Q: 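First, the structure itself, so that you have it in front of you.
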Amino acid sequence: MIEKKEDAREKRSMNFIESIVEEDLRQGRDDGRVHTRFPPEPNGYLHIGHAKAICLDFGIAEKYRGKCNLRFDDTNPTKEDVEYVDSIKEDIRWLGFDWEEREYYASDYFGQLYDFAVDLIKKGLAYVDDQSSEEIASQKGTPTEPGIPSPFRDRPIDENLDLFQRMNTGEFPEGSRVLRAKIDMASPNMHMRDPVIYRILYHPHHRTGSTWKVYPMYDFAHGQSDYFEGVTHSLCTLEFEVHRPLYDWLVEHLRADDYRPRQTEFNRLNLSYTVLSKRMLLELVEKEHVNGWDDPRMPTLTGLRRRGYTPESIRNFNDSIGYTKVMANNDVGLLEFAVREDLNKRAPRVMAVLNPLKLIITNYPENTTEEMETINNPEDESMGSRKIPFSREIYIEREDFMEDPPRKFFRLGPGREVRLKSAYIIKCEDYKKDKDGNIVEVCCTYDETTRSGGPEANRKVKGTLHWVSAKHAVEAEVRLYDRLFSDPEPAGHKDKKPADFLNPGSLRVITGYVEPSLKEAKSLDHFQFQRLGYFNVDPDSSSGKLVFNRTVSLRDNWAKKG
RNA sequence: UGACCCGUGGUGUAACUGGCAACACAUCUGAUUUUGGUUCAGAAGAGUCCAGGUUCGAGCCCUGGCGGGUCAACCA
């Protein structure tokens, strides 16, 4: 009964790709094999949009007890580099996926691909074109008009064979000749109008060196690589939809058996208040609008990791947005929700004051330090508790005191009482200002019987404040991040560039005071600064200088109303 | 003026072979709380782009519109 219910729920939440896979399984296609691949080009860093594809590719394989290959789509040596290979692998592993021993490269297949090209030539299905790219483009036609055939279209097979072979031995300069598939210059699909499948490139390849002088184009490598690897479901984003007929055409001419991989397209990720194209991200880095690919404001996986996002939160986010064929605009708020939800369960609560105001407890003994017991995480008792020092002078948050507070202000003001988290209830007796009218000090008295755990500790007071003992406080650099762009769709304006919407306040560096236990914090450790937000330790942090990043603030119903 | 894809609360998704439009985020109440966090209870918000058609019955099928996206790199 219960099982049936769960079945129903799973069925209901199944996305269209899972439906396709299940239908294939039902029909016994591919002997019940499910095999996917994640095919990054090693020419840049992975971002949250790639994570969406990774979660799908590896997720489908996992769910249907299949396999997912990692395959680097390295067919363009002028843009690719090993540097990226390593970062891509690191990011995928960080997300929690494993390609086992199946790390492949399109360049592994250059030999087979070359043989296939020769085979197409022999069948009269490919020819060498001596024209320039401009000439070829001018003959391509437009979406509404058919193209016109190249003057080299009917070149004899032997001549094609000879020329293609010589293209690869370095006899001809780059750009002088290409190999084209002979399909249909009048096709309504531009990709079928005799697409270029090989071009001459002298740039050394990061894996094959200078072995090859001709390199296959994406379309001539992708489907075939899928075929060579036994991929059953080749999942890619919507813009490749128009490539599918070419994908199928090539696989059809390549295959030697009944098996054929099939391409299915899903919607790419769009996130509000950010950009997700390699070109624009590169521009942010190059124009130094951010401090590199791992800047915590970047939507790259390395940036998100440094910011304090957890792999689980990114995976949960991906589960929540789903996979469809609709152009989606996802709210970055959902990503923030996902990380709060995850960090709420796992981040230890600590005391930190970011905008300090000195508070003196006038009736508390001088030169005395009490160790206050405090719970590490109310969401998880197993995380235990620790001691934090308390003394006569503490720092509280400047925002937690108002000279003339409104009625609904649950914090400190003249004559008001407030609880200090894990310590005492205090009452504001006085405050001091400087010449300019700035409040510089708040004087309070405490009630000894209200010590946490003490007899009067449960007395009701409106607010609870976080604090740090002034004498024990540790200085820390705190980096507060806000959205990089001030516009919900920075790349969605015809007359303006994303750079026009850069948020000047996206990074604010301040000095805060944190409790002494944080001296032991390790790089990338997550914390909740009580009442402030989730923070993690930046890799810039050292034993001499703590550096924290704000991952995300806490939800704040009060601030919203204010 | 072509081909292909797509239109469901503000956003993202769901609704098995037609059967009371569901969920999450966001929003708004209220309760609890030694975090204005969390948690809990609840509310509001779409009648499914439009117009026809088939049907006892259409978000789902058919026709025609309208709107959005993609495609004319020797990029992937």
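As a basis for the values below, the full set of heavy atoms in this structure was taken, side chains included, without hydrogen atoms, waters or symmetry mates. Model, not experiment: these values are computed from the prediction.
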Q: Under the 5.5 Å and 30° test, is Y218(A) stacked on the base of A76(B)?
A: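 Y218(A) vs A76(B): stacking no.
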Q: Give N267(A) one of three labels, base, sugar-phosphate or nothing, depending on what nucleic acid heavy atoms sit under 4.0 Å from its own.
A: sugar-phosphate
Q: Between the side-chain atoms of T464(A) and the base atoms of U35(B), is any donor-acceptor pair under 3.5 Å?
A: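 No, the side chain and the base share no sub-3.5 Å donor-acceptor pair.
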Q: So what does T374(A) hit on the nucleic acid, given a heavy-atom distance under 4.0 Å: a base, only sugar-phosphate, or nothing?
A: nothing
Q: Can you say whether a donor on the side chain of R411(A) sits under 3.5 Å from an acceptor on the base of G36(B), or the other way round?
A: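 Answer yes: a donor N or O sits under 3.5 Å from an acceptor.
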Q: Classify Q528(A) by what it touches in the nucleic acid, base, sugar-phosphate, or nothing, heavy-atom distance under 4.0 Å.
A: base
Q: Ignoring hydrogens and geometry, is there a side-chain-to-backbone donor-acceptor pair from D184(A) to R193(A) under 3.5 Å?
A: no
Q: Can you tell which of A72(B), C75(B), A3(B) lies closest to the side chain of E41(A)?
A: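 Selected nucleotide: C75(B).
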Q: If you check the K79(A) side chain, which of A73(B), C74(B), C25(B) turns out closest?
A: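 That would be A73(B).
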Q: Any N or O donor-acceptor pair linking the side chain of H243(A) to the base of A76(B) at under 3.5 Å?
A: yes
Q: Atom CG of D74(A) and atom C1' of C75(B): how far apart are they, to the nearest Å?
A: 14 Å
Q: Using salt bridge (charged side-chain N to carboxylate O under 4.0 Å, His left out) as the criterion, point out the one residue from K462(A), K427(A), K460(A), R459(A) that pairs with E417(A).
A: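 Among K462(A), K427(A), K460(A), R459(A), the one meeting salt bridge (charged side-chain N to carboxylate O under 4.0 Å, His left out) with E417(A) is R459(A).
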Q: Around atom CD of E239(A), are there more than 12 heavy atoms of other residues, nucleotides or ligands at under 6.0 Å?
A: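 Check passes, neighbour count above 12.
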Q: With heavy atoms under 4.0 Å as the rule, sort P378(A) into base, sugar-phosphate or nothing.
A: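 P378(A): base contact, heavy atoms under 4.0 Å.
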Q: Students often get this wrong, so: under 4.0 angstrom with heavy atoms, is E373(A) touching a base, only sugar-phosphate, or nothing?
A: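 No contact.
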Q: Starting from the 5' end of RNA chain B, give me the residue, R244(A) or T144(A), whose nearest nucleotide shows up first.
A: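 Of the two residues, T144(A) wins.
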Q: In whole angstroms, how far is the P atom of A73(B) from the CZ atom of F240(A)?
A: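 Interatomic distance, CZ of F240(A) to P of A73(B): 15 Å.
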Q: Under 3.5 Å, side chain of T274(A) to main-chain N/O of L271(A), donor-acceptor pair present?
A: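 No, the answer is negative, given that no donor and acceptor are paired below the 3.5 Å cut-off.
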Q: Check RNA chain B for consecutive Watson-Crick or G-U pairs with both distances under 3.5 Å and list the runs of at least three as stems.
A: B:2-7 with B:66-71, B:10-13 with B:22-25, B:27-31 with B:39-43, B:49-53 with B:61-65
Q: Counting any heavy atom closer than 4.0 Å, what does V196(A) reach on the DNA or RNA strands: base, sugar-phosphate only, or nothing?
A: sugar-phosphate
Q: On the side chain of E379(A), is there an atom forming a donor-acceptor pair with the base of G37(B) - under 3.5 Å, no angle test?
A: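 Flag set: donor-acceptor pair detected.
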Q: Within the distance-only criterion (no hydrogens, no angle test), does the side chain of D400(A) pair as donor or acceptor with the backbone N or O of R411(A) below 3.5 angstrom?
A: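 No.
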Q: Need one value for R419(A): base, sugar-phosphate or nothing, where a base atom within 4.0 Å counts as base even if backbone is also close, heavy atoms only.
A: base
Q: Using O4'-C1'-N9-C4 for purines and O4'-C1'-N1-C2 for pyrimidines, with syn meaning within 90° of 0, is G47(B) syn or anti?
A: syn
Q: Okay, side chain of K345(A), backbone of D380(A): is any donor-acceptor separation there less than 3.5 Å?
A: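 Flag not set: sc K345(A) to bb D380(A) has no pair under 3.5 Å.
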Q: Between F410(A) and Y323(A), name the one whose nearest nucleotide on RNA chain B is closer to the 5' end.
A: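 The residue mapped nearer the 5' terminus is Y323(A).
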Q: It should be established whether R268(A) places a side-chain nitrogen or oxygen under 4.0 Å from OP1 or OP2 of nucleotide A76(B).
A: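 Indeed not, no polar side-chain atom of R268(A) lies that close.
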Q: Checking contacts here: which listed nucleotide (A14(B), C74(B), A76(B)) is nearest the side-chain heavy atoms of S133(A)?
A: C74(B)
Q: Look at all strands and tell whether N330(A) reaches a base, only sugar-phosphate, or nothing, counting heavy atoms closer than 4.0 Å.
A: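 Since only primed, P, OP1 and OP2 atoms lie under 4.0 Å of N330(A), the category is sugar-phosphate.
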Q: Rounded to whole Å, please give me the gap between CG in D380(A) and C1' in U39(B).
A: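 D380(A) atom CG is separated from U39(B) atom C1' by 15 Å.
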Q: Phosphate oxygens OP1/OP2 of G37(B): is one of them under 4.0 Å from a side-chain N or O of R340(A)?
A: no
Q: Of all the choices, C74(B), A72(B), G36(B), which nucleotide is nearest to the side chain of P143(A) once you look at every atom?
A: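 Of the candidates, A72(B) comes closest.
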Q: Checking all strands, does A221(A) fall into the base, sugar-phosphate, or nothing category for heavy-atom contacts under 4.0 angstrom?
A: nothing
Q: Can you tell me how far P of G37(B) sits from CZ of R555(A), to the nearest Å?
A: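 It is 7 Å, rounded to the nearest whole Å.
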Q: From CG of N189(A) over to P of U70(B), roughly how many Å is that when rounded to an integer?
A: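 Distance check: N189(A) CG to U70(B) P gives 16 Å.
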Q: Can you tell me the distance, in whole Å, between the CD atom of E336(A) and the P atom of G37(B)?
A: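 Rounding to the nearest Å, CD of E336(A) and P of G37(B) are 17 Å apart.
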Q: Looking at U13(B), I'd like to know if its phosphate oxygens (OP1 or OP2) sit under 4.0 Å from a side-chain N or O belonging to T324(A).
A: yes
Q: Which is true for R349(A) with a 4.0 Å heavy-atom rule: it touches a base, it touches only sugar-phosphate, or it touches nothing?
A: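 Contact class for R349(A): base.
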Q: Would you measure the distance from the P atom in G10(B) across to the matching atom in A46(B) and give it in whole Å?
A: 7 Å
Q: Report yes if at least one side-chain N or O of R193(A) is closer than 4.0 Å to OP1 or OP2 of C71(B); otherwise report no.
A: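 No, because none of the side-chain N or O atoms of R193(A) sits under 4.0 Å from OP1 or OP2 of C71(B).
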Q: Between R207(A) and D74(A), does at least one N-O distance fall below 4.0 Å, as a salt bridge requires?
A: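 D74(A) and R207(A): not salt-bridged.
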Q: To the nearest Å, how far apart are D73(A) CG and A76(B) P?
A: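 Computing the D73(A):CG to A76(B):P distance gives 8 Å.
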Q: For E241(A), which contact category applies under a 4.0 Å heavy-atom criterion: base, sugar-phosphate, or nothing?
A: sugar-phosphate
Q: Which of these passes ring-ring contact (aromatic ring centres under 6.0 Å, His included) with F535(A): F529(A), F548(A), F527(A)?
A: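 The option that passes is F529(A).
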Q: Tell me if a side-chain donor or acceptor on N168(A) pairs with a main-chain N or O of V214(A) at a distance below 3.5 Å.
A: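 Yes; judged by distance alone, with no hydrogens or angles, the pair exists.
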Q: Going by the rule side chain to side chain donor-acceptor pair (under 3.5 Å), which residues pair with N43(A) if we only count those two or more places apart in sequence or in a different chain?
A: E41(A), K278(A)
Q: Which of the following nucleotides, C71(B), A73(B), C25(B), is nearest to the side chain of L334(A)?
A: C25(B)
Q: Whole angstrom is fine here: how far is it from CG in D194(A) over to P in A73(B)?
A: 15 Å
Q: Among Y227(A), W212(A), F116(A), F228(A), which residue meets the ring-ring contact (aromatic ring centres under 6.0 Å, His included) test with Y109(A)?
A: F228(A)
Q: Under 4.0 angstrom, heavy atoms only, what part of the nucleic acid is K325(A) near: base, sugar-phosphate, or nothing?
A: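 Sugar-phosphate contact only - K325(A) comes under 4.0 Å of backbone atoms but never of a base.
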Q: At under 4.0 Å between heavy atoms, what does F337(A) touch on the DNA or RNA strands: base, sugar-phosphate, or nothing?
A: sugar-phosphate
Q: Using a heavy-atom cut-off of 4.0 Å across all strands, would you classify L554(A) as base, sugar-phosphate, or nothing?
A: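 L554(A): base contact, heavy atoms under 4.0 Å.
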